[in-house]
Structures are given as C-alpha cells and as structure tokens.
A.B. asks: 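Structure incoming, see below.
Computation of the quantities below employed the complete heavy-atom set of this structure, encompassing side-chain atoms and omitting hydrogens, waters and symmetry-equivalent molecules.
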Amino acid sequence: SPAVTDEDEEVIVTIWATDECKNTASTSFKVTVVDNSAPVIVAESSRTVSLSIDGVAKVFAEDFDDGSYDGCGPIGMFVKRMDDGPNCNYDEFAPAGNDNAQFNEAVFFCCDDVSEEPVMVQFRVCDDADQDGIFGSADDNCNIAMIEVIVQDKLAPQIVCPANLTITCEELAGLGDLQALSAEFL
C-alpha cells in the first residue's frame with residue numbers, strides 16, 4: 001500500500017520475497033520524502049489594469065495566475081513591483097505598509113503609473129516545503145515569473161459646478177476679486 005508521510009518523515013519499507021520452495025526472506029530500509037522541486041508557474045505574460053474612481057487599482061497575486069501548481073501540496077502566491085512605484089497614498093498592509101518592493105498578497109497602481117510603457121511585476125509562487133505553515137519562508141521552494149502590467153485610466157473626469165451666482169458691477173471691483181471668488185469653489 002502507498003505510504004502517506006509528512007515532509008522529512010522516515011518511513012520503513014519492508015520487502016518480502018518467496019521462492020518456489022517456500023523459502024522467504026525480507027529486508028527493510030528507510031525512505032525519506034523530501035520536496036526539492038519548486039512549483040510550476042502558469043501565469044499571464046501581460047495584464048491591463050484600469051484605475052477606479054479614486055485613481056487606484058489593487059491587483060491580487062491570484063489574478064495573475066493561470067493554473068500554477070505543485071506536486072507535493074498547496075501553494076501560496078505573492079506579487080511585487082520591480083520598481084518601487086510612485087507614492088499612491090494607500091496603506092493597506094500593516095505594519096510594513098504598501099512597500100511595492102516587497103512581496104505581498106496584492107500590488108497597487110495609481111494615476112502616476114498611466115503610461116504607454118508597462119509596469120513590470122514579479123509573480124512568485126511558493127510551496128511550504130519546510131512545513132512551518134508559512135508559504136515562501138527560507139526553506140520553501142519558490143518560482144518567479146515576470147509580468148507586464150499596462151495601467152489605464154478610462155474614467156472621464158467629473159466636475160461639480162457651484163450654483164449660479166449673479167454679481168453686480170459694484171460688487172466686483174476688479175479681476176483680483178474674481179480670482180479670489182473662484183478660489184472659494186476649489
């Protein structure tokens with residue numbers, strides 16, 4: 001029957017042999033299962049991302065995945081930008097914050113990323129070979145793919161105009177007053 005083991009657990013295998021004269025012999029040996037193979041990454045080569053109304057796009061690592069797998073168990077997925085990225089004024093991963101230069105569960109893009117040039121990200125898939133419950137720790141096996149991300153802003157700007165205002169000539173002394181008045185509505 002198949003041996004079901006945990007990583008690095010020794011299993012004693014015993015082999016029995018019988019010849020035609022009904023003589024039997026056996027031998028035993030230990031087998032240790034070790035995971036030395038990194039997961040196989042199946043990922044997109046590029047992805048287009050649209051900014052939301054607040055000018056930020058959050059893309060989860062799993063969104064880049066197209067069927068990655070590992071032969072020995074479950075996998076964890078992480079993503080980071082290859083550049084440090086602009087300061088998009090978001091802070092979702094406490095306590096370290098959104099350091100785009102470190103692998104996280106998601107990566108962020110904002111208005112400063114809108115360009116014809118793609119933003120390069122690294123998509124990392126790791127197993128838990130050392131069985132410490134943390135994917136991607138020092139003794140785990142990981143694999144990395146590079147993905148081009150095109151960031152687009154497809155939402156038209158919106159403007160909210162103030163209510164109509166009637167000003168008499170006496171109320172408006174000069175152009176400087178008009179500029180001060182317009183500052184009130186900004």
Side-chain angles (χ1 to χ4, degrees), residues 1-13 30-156:
S1 68
V4 179
T5 67
D6 288 329
E7 177 80 16
D8 294 326
E9 180 181 338
E10 291 183 345
V11 176
I12 298 175
V13 177
K30 294 178 182 178
V31 174
T32 303
V33 177
V34 178
D35 181 4
N36 289 324
S37 299
V40 175
I41 290 186
V42 182
E44 302 176 347
S45 60
S46 65
R47 182 171 187 88
T48 300
V49 174
S50 293
L51 300 178
S52 64
I53 191 74
D54 60 356
V56 176
K58 176 182 180 181
V59 183
F60 288 95
E62 290 82 6
D63 293 335
F64 295 108
D65 183 50
D66 278 344
S68 302
Y69 62 92
D70 185 66
C72 290
I75 54 176
M77 299 177 196
F78 310 93
V79 66
K80 75 174 185 173
R81 293 172 62 130
M82 292 182 67
D83 62 2
D84 286 338
N87 182 1
C88 295
N89 295 323
Y90 49 82
D91 189 15
E92 194 166 316
F93 297 118
N98 296 314
D99 183 356
N100 276 321
Q102 292 186 4
F103 285 106
N104 282 307
E105 65 186 48
V107 66
F108 292 84
F109 303 94
C110 64
C111 296
D112 292 344
D113 291 312
V114 176
S115 170
E116 295 297 318
E117 295 298 316
V119 176
M120 295 300 297
V121 299
Q122 289 182 337
F123 173 59
R124 183 169 93 166
V125 177
C126 300
D127 63 16
D128 187 20
D130 61 7
Q131 295 187 339
D132 64 354
I134 301 170
F135 292 105
S137 59
D139 292 325
D140 292 341
N141 302 305
C142 298
N143 213 340
I144 294 177
M146 307 299 179
I147 300 171
E148 292 182 341
V149 177
I150 301 293
V151 181
Q152 297 178 341
D153 181 7
K154 293 187 173 190
L155 298 176

A.B. asks: Hey, does Asp140 have a side-chain heavy atom less than 4.5 Å from the side chain of Asp132?
C.D. replies: yes
A.B. asks: Please report the shortest heavy-atom distance between Cys142 and Gly136, naming the atom on each side.
C.D. replies: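 In terms of heavy atoms, the two residues are closest at SG-CA, 3.9 Å.
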A.B. asks: Determine whether a donor-acceptor pair (N or O, by modelled atom type, separation under 3.5 Å) exists between the side chain of Arg81 and the backbone of Phe108.
C.D. replies: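 Present.
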A.B. asks: Over all heavy atoms of both residues, which pair between Val107 and Lys80 is shortest? Give the atoms and the distance, please.
C.D. replies: CG2-C, 4.4 Å
A.B. asks: How many angstroms lie between CD in Glu116 and CD in Gln152, if you round to the nearest 0.5 Å?
C.D. replies: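 Glu116 CD to Gln152 CD: 8.5 Å, rounded to 0.5 Å.
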A.B. asks: How far apart are the closest heavy atoms of Phe123 and Ser68, and which atoms are they?
C.D. replies: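 So the minimum-distance heavy-atom pair works out to CE2-OG, 4.0 Å.
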A.B. asks: So does Val114 get a backbone contact from the side chain of Asp112, meaning a donor-acceptor N/O pair under 3.5 Å?
C.D. replies: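 Not at all, since once roles are kept as given, no pair shorter than 3.5 Å links the two residues.
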A.B. asks: So do Phe103 and Gln122 actually touch side chain to side chain, heavy atoms under 4.5 Å?
C.D. replies: yes
A.B. asks: Atom CG of Asn104 and atom NZ of Lys58: how far apart are they, to the nearest 0.5 Å?
C.D. replies: 10.0 Å
A.B. asks: Going by salt bridge (Lys or Arg N to Asp or Glu O under 4.0 Å), name the residues that satisfy it together with Glu44, two or more places apart in sequence or in a different chain.
C.D. replies: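 Here the qualifying residues are Arg47.
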A.B. asks: Would you find a donor on one side and an acceptor on the other, under 3.5 Å apart, between the side chain of Asp127 and the backbone of Asn141?
C.D. replies: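 Between the backbone of Asn141 and the side chain of Asp127 there is a qualifying donor-acceptor contact (under 3.5 Å).
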A.B. asks: Would you name the heavy atoms of Ile41 and Ala43 that are closest together and state the gap between them?
C.D. replies: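 Ile41 and Ala43 have their closest heavy atoms at CG2-CB, 3.8 Å.
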A.B. asks: Report yes or no: does Asp128 contribute a side-chain atom to a donor-acceptor pair with the main-chain N or O of Phe135 at less than 3.5 Å?
C.D. replies: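 Here the side-chain-to-backbone pair does not exist.
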A.B. asks: Report yes if some heavy atom in the side chain of Asp35 is under 4.5 Å from a heavy atom in the side chain of Asp70; otherwise report no.
C.D. replies: yes
A.B. asks: Assess the residue pair Ser46 and Ile150 against the criterion (side chain to side chain contact (heavy atoms under 4.5 Å, CB included)); give the C-alpha distance rounded to whole Å, side-chain angles, the decisive distance to 0.1 Å, and a yes or no.
C.D. replies: CA-CA 8 Å; Ser46 65; Ile150 301 293; over 6 Å; no
A.B. asks: Determine, step by step, whether Asn143 and Val40 satisfy the side chain to side chain contact (heavy atoms under 4.5 Å, CB included) criterion, reporting the C-alpha distance in whole Å, the side-chain angles of both residues, the deciding distance to 0.1 Å, and the verdict.
C.D. replies: CA-CA 7 Å; Asn143 213 340; Val40 175; 5.9 Å; no
A.B. asks: Nearest 0.5 Å please: distance from the CG atom of Asp83 over to the CG atom of Asp113.
C.D. replies: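 Reported to 0.5 Å precision, the distance equals 7.0 Å.
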A.B. asks: Distance from Met77 atom CE to Phe60 atom CZ, nearest 0.5 Å?
C.D. replies: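 The CE atom of Met77 sits 13.5 Å away from the CZ atom of Phe60.
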A.B. asks: Drop me the distance from Ile144's CD1 to Cys126's SG, to the nearest 0.5 angstrom.
C.D. replies: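 Nearest 0.5 Å value for the CD1-SG distance: 7.5 Å.
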A.B. asks: Just verifying a value: how many Å separate Glu10 CD and Thr32 OG1, rounded to the nearest 0.5 Å?
C.D. replies: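 Glu10 atom CD to Thr32 atom OG1 measures 4.5 Å (nearest 0.5 Å).
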A.B. asks: Using every non-hydrogen atom in the two residues, find where Leu155 and Ser52 come nearest and quote the distance to one decimal.
C.D. replies: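 Result for this residue pair: CD1-C, 3.6 Å.
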A.B. asks: Please name the pair of heavy atoms, one in Met120 and one in Met146, separated by the smallest distance, quoted to 0.1 Å.
C.D. replies: CE-CB, 3.9 Å
